[in-house]
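On a predicted model such as this, the values are computed, not experimentally measured, just so you know. Worth knowing before you read on, the calculation uses all heavy atoms, side chains too, and leaves out hydrogens, waters and symmetry mates.
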Amino acid sequence: MTKALTDTATAQGVLAAVAHPAPAGIAALAAAGALLSQAAYRGSAVGAPLAVINLANPLSSVVVGLTFLGETYQGGVWGVVVAAAAGLVAMRGVFLLATVDPDTGEPAGRAGRGERAGAAGRATGDG
């Protein structure tokens with residue numbers, strides 16, 4: 001929407017941009033995003049909602065740009081592969097941090113760290 005607004009302002013002037021529906025859409029989406037963010041943070045720790053928002057923002061920006069604004073991706077096939085792999089790694093990290101081990105109460109990504117550290121300490125005589 002910002003792209004449509006700036007294109008209109010450049011081609012037709014500022015008054016035409018103000019009359020364009022994009023400013024109202026931008027304001028509505030900004031308000032909806034703020035409300036959804038606050039709802040996500042209510043009643044839980046900051047970690048999981050923040051991580052999901054950090055993944056969802058760039059993904060939704062790419063989808064909107066490619067789908068509605070006529071943007072193109074110029075990274076080629078390898079760029080898509082690298083971007084997809086990085087996205088999958090990031091999603092896996094968020095999943096591990098958001099999943100709690102019922103036995104320890106720690107994030108699932110940390111499960112077993114204490115055991116490895118203890119084993120290393122016993123092997124060196126420090127544990």
Side-chain angles (χ1 to χ4, degrees):
M1 285 190 209
T2 304
K3 182 180 186 301
L5 184 62
T6 55
D7 288 346
T8 301
T10 303
Q12 301 173 7
V14 175
L15 292 177
V18 172
H20 195 276
I26 292 170
L29 288 175
L35 291 173
L36 288 172
S37 293
Q38 292 305 312
Y41 292 129
R42 185 177 25 167
S44 67
V46 170
L50 182 61
V52 170
I53 288 170
N54 284 338
L55 288 176
N57 280 342
L59 180 62
S60 62
S61 297
V62 167
V63 169
V64 167
L66 292 174
T67 305
F68 300 113
L69 301 177
E71 297 291 330
T72 59
Y73 183 73
Q74 298 181 12
V77 174
W78 284 109
V80 171
V81 170
V82 170
L88 290 173
V89 168
M91 283 189 264
R92 176 69 176 152
V94 167
F95 175 77
L96 287 175
L97 291 173
T99 306
V100 176
D101 183 2
D103 296 330
T104 65
E106 291 187 9
R110 293 185 174 197
R113 289 179 84 189
E115 293 172 6
R116 284 193 296 265
R122 284 190 297 275
T124 60
D126 295 334

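- Between the side chain of T67 and the backbone N or O of V64 there is no donor-acceptor pair closer than 3.5 Å.
- Nearest heavy atom pair, residue L66 against residue Y73, reads CD2-N, 4.0 Å.
- The shortest distance between side-chain heavy atoms of V18 and P23 does not fall below 4.5 Å.
- L55 and A90 get closest at one heavy-atom pair: CD2-CB, 3.4 Å.
- Residue T10 holds its OG1 atom at 9.0 Å from CG of L5, rounded to the nearest 0.5 Å.
- Residues passing the side-chain contact (heavy atoms from CB on, under 4.5 Å) test with L29 are M1, sequence neighbours excluded.
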